[in-house]
Engineer: 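This is the structure I want to talk about, given as C-alpha cells.
Bear in mind the structure is a predicted one, so any value in this text is a computation, not a measurement. Residue numbers start from 1 in every chain, and the chains themselves are labelled A, B, ... in the order their sequence lines are given, proteins ahead of strands.
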Amino acid sequence: MFNFSKKLIDWYLQNKRELPWRKTQDPYRIWLSEIILQQTRVEQGMPYYFKFVEAYPDIKALANAPEDDVLKLWQGLGYYSRARNLHATAKKVAFDFNSEFPNTYAEIKKLKGIGDYTASAIASICFDEAEAVVDGNVYRVLSRVFGIDTPIDSTPGKKEFKALAQQLIDPKDPATFNQAVMEFGATQCKPKNPYCLHCPFQQDCAAYASGKINELPVKQGKTKVRDRYFNYLIVLGPSGETILSQRDKKGIWRGLFEFPLLETEKPLKESRFRESLKNLKLPGVSSAVLVDDLDVESLVALTPEAIIHKLSHQKLHVHFWLLKIKDVSGLQTSSFEVFETYAVPRVIDRFMEDFDYKRYL
DNA sequence: AACACGGGGTG
DNA sequence: CACCCAGTGTT
C-alpha cells in the first residue's frame, strides 16, 4: 500500500490556499469558521467570518450579544439554526465553562451545532487530537482513490469512510492531514472535471484506473422539492408604519422576521386575492385583528409575476402585496427603519432593496 | 433511515 | 436543471 498520508501532506504543503482561519489555533475562531463552512463554500463563508470576528472578537462578546443581532449578522448565509446554535454554545462555554473551550473530541461533540465532523476538526486543529474529519470532500477523495462504492449517505457508508479516514490519518500531524484531505477534495479532486492528469494519486487511484471517476462517490439520496405559494402583505399606515412578525416553531427561516404571510396550497389568482384575505389575522395590541375589519384605502399588487425562490427542498412562489390603510390604531406596528435592523430571509431582503414604501404614502 | 434545513456556484 | 458545498438535528 502506498503512503497516502505522506503523498497527501506533500501535495498540501505545496498547494494550500492561504485562509484566515489557517493562521490560528484559537478554538473560538476555528469553531466559528467550521460552523460557517458547514454546507457552505469557502468563498461564500469568508465575508461572514470576517464580519463575525470583527463584531465578536472573542466568545464572551458573542455570548453577550442579543440573538437577534447574531441572526442579523448571519442573514443571507442560510441554515439559520447554525446561528442559533452558535449563540447558544457561546453562552454555554462563556458562562458555564468560564470561557474555556472544551479540549477533547468527546467534550466538544456534546456542544450544540457540533457533530462528528466539526468536533473532529476542532479537536485536531486546536488540540492535535488524532480524530479524522469526514466531510463531502473526504467522501469524494477516499471513494475515488480506494474505489469504494458504498453510498455515502447510508449508515454503513458513514461508518466505513470514517473508519478508513481514521486508519489513514497521520497521528503525528492530524491537523495538517485533516485539512489536507479537504483541501485536496476542494481544489484538485473536484466533483466535476477533477485534475486527474497531474494528480499525485494517479497511479494509485482505483477510480482512475477503472474509469469510474464520474461514478464516485455514490449517493442514494433523492431530495424532492415541493412547491409553496407565499403572499406577503405589506400593511402600510399613513405615517409609514408596517406590521412585522417573527417566524417561530418549525420550518424554514426560524427566528427571522417577515411581513404577515398568507400561504396557499395553489397559486392565487390576483382577482381572488382580496377575498382570500378575509381570514388573515394581523397582530393586534390586545388580540389579533382581521384584515376585513380594517379601513382599507387600496390594495396594490407589487409583483405581478411571482418571484421564484429556490431552497434545497422547496420552491417558493412569492408575491408581495401592499395594503394601504387609514388607521393603524389597535395594531402592532413598527417602522421600516427598525425592520432594516432585523434578520430577514434573502427573498425579502432582495425585494426590499428596490422597494420604497415612501412612494406609496 | 429518512428528512428538514438556505443560499449560491457549476457544468 | 441537477448536483454540490469544510453537516447537524429531529422524527
Engineer: What's A/Gly251 touching, base or sugar-phosphate or nothing? Going by heavy atoms closer than 4.0 Å.
Structural biologist: sugar-phosphate
Engineer: Could you tell me how far apart A/His87 (NE2) and C/dT8 (C1') are, to the nearest whole angstrom?
Structural biologist: 19 Å
Engineer: Taking CZ from A/Phe184 and C1' from C/dA6, how many angstroms apart are they, rounded to a whole number?
Structural biologist: 16 Å
Engineer: What parts of residues 8-20 of chain A reach DNA chain C, counting only heavy atoms under 4.0 Å away?
Structural biologist: A/Leu19
Engineer: With sugar-phosphate meaning primed atoms plus P, OP1 and OP2, does A/Trp21 contact a base, only sugar-phosphate, or nothing at under 4.0 Å between heavy atoms?
Structural biologist: base
Engineer: Parallel, tilted or perpendicular, judged at 30° and 60°: which one describes the rings of A/Phe230 and A/Tyr232?
Structural biologist: perpendicular
Engineer: Pull out every residue in residues 31-53 of chain A that has a heavy atom closer than 4.0 Å to any atom of DNA chain B, ordered by number, or say none.
Structural biologist: A/Gln39, A/Thr40, A/Arg41, A/Gln44
Engineer: What is the separation between atom NZ on A/Lys222 and atom P on C/dC3, rounded to the nearest whole Å?
Structural biologist: 12 Å
Engineer: At under 4.0 Å between heavy atoms, what does A/Arg22 touch on the DNA or RNA strands: base, sugar-phosphate, or nothing?
Structural biologist: base
Engineer: Tell me whether the OP1 or OP2 atom of B/dG8 has a side-chain N or O from A/Arg350 closer than 4.0 Å.
Structural biologist: yes
Engineer: Mapping A/Lys192 and A/Val347 onto DNA chain B by nearest heavy atom, which one lands closer to the 5' end?
Structural biologist: A/Val347
Engineer: Less than 3.5 Å between a donor and an acceptor, one on the side chain of A/Tyr79 and one on the base of B/dG6, is that the case here?
Structural biologist: yes
Engineer: In plain terms, say whether A/Glu353 and A/Arg350 are close enough for a salt bridge, that is, a side-chain N and a carboxylate O under 4.0 Å apart.
Structural biologist: no
Engineer: Please report whether the ring centroid of A/Phe4 lies less than 6.0 Å from that of A/Phe146.
Structural biologist: yes
Engineer: Starting at OH of A/Tyr139 and ending at P of C/dA6, how long is that distance when rounded to a whole Å?
Structural biologist: 14 Å
Engineer: Taking only side-chain nitrogens and oxygens of A/Lys224, does any of them come within less than 4.0 Å of OP1 or OP2 of B/dC3?
Structural biologist: yes
Engineer: Taking atom P in both B/dG6 and C/dT11, what distance in whole Å separates the two?
Structural biologist: 15 Å
Engineer: Between A/Asp116 and A/Lys162 (salt bridge meaning N to carboxylate O under 4.0 Å), is one present in this structure?
Structural biologist: yes
Engineer: Considering heavy-atom distances to DNA chain C, does A/Lys219 or A/Lys315 have its closest nucleotide positioned more toward the 5' end?
Structural biologist: A/Lys315
Engineer: Within less than 4.0 Å of OP1 or OP2 of C/dA6, is there a side-chain N or O belonging to A/Thr118?
Structural biologist: no
Engineer: Let me know the distance between CZ of A/Arg140 and C1' of C/dC3, rounded to the nearest Å.
Structural biologist: 11 Å
Engineer: In terms of side-chain heavy atoms of A/His309, which of C/dG7, B/dG7, C/dC5 is nearest?
Structural biologist: B/dG7
Engineer: Using distance alone, with no hydrogens and no angle criterion, decide if A/Gln38 and A/Arg82 have a side-chain donor and acceptor under 3.5 Å apart.
Structural biologist: no
Engineer: Need one value for A/Arg254: base, sugar-phosphate or nothing, where a base atom within 4.0 Å counts as base even if backbone is also close, heavy atoms only.
Structural biologist: nothing
Engineer: For A/Ser154 and for A/Thr223, find the nucleotide of DNA chain B with the closest heavy atom, then tell me which residue's nucleotide is more 5'.
Structural biologist: A/Ser154
Engineer: Would you indicate what A/Asp116 reaches in the nucleic acid, counting non-hydrogen atoms under 4.0 angstrom: base, sugar-phosphate, or nothing?
Structural biologist: sugar-phosphate
Engineer: Give the rounded distance in Å between these two atoms: NZ of A/Lys310 and P of B/dA4.
Structural biologist: 18 Å
Engineer: Classify A/Gln220 by what it touches in the nucleic acid, base, sugar-phosphate, or nothing, heavy-atom distance under 4.0 Å.
Structural biologist: sugar-phosphate
Engineer: Between A/Cys199 and A/Gln188, is any pair of side-chain heavy atoms under 4.5 Å apart?
Structural biologist: yes
Engineer: Considering only atom C1', compute the distance from C/dG9 to B/dG8 and round it to an integer number of Å.
Structural biologist: 23 Å
Engineer: From CG of A/Leu311 over to P of B/dG7, roughly how many Å is that when rounded to an integer?
Structural biologist: 6 Å
Engineer: Which heavy atom of A/Val141 sits nearest to which heavy atom of A/Gly185, and what is that distance?
Structural biologist: CG2-CA, 3.6 Å
Engineer: Mark yes when over 12 heavy atoms from residues, nucleotides or ligands other than A/Lys6 sit less than 6.0 Å from its NZ; otherwise mark no.
Structural biologist: no
Engineer: Taking atom CD of A/Gln202 as the centre, does the number of heavy atoms from other residues, nucleotides or ligands within less than 6.0 Å exceed 12?
Structural biologist: yes
Engineer: Specify the separation, in whole Å, of atom CG of A/Asn193 and atom C1' of B/dG9.
Structural biologist: 14 Å
Engineer: For B/dG6, does either OP1 or OP2 sit under 4.0 Å from a side-chain N or O belonging to A/Arg82?
Structural biologist: no
Engineer: I'd like to know whether CD of A/Gln220 has more than 12 heavy-atom contacts from other residues, nucleotides or ligands below 6.0 angstrom.
Structural biologist: yes
Engineer: Check this one for me: any side-chain N or O of A/His313 less than 4.0 Å away from OP1 or OP2 of B/dC5?
Structural biologist: yes
Engineer: Between A/Asp26 and A/Thr24, do the side chains contain an N or O donor and an N or O acceptor separated by less than 3.5 Å?
Structural biologist: no
Engineer: Using the P atom as the reference point in each nucleotide, state the distance between B/dG11 and C/dA6 in Å, no decimals.
Structural biologist: 14 Å
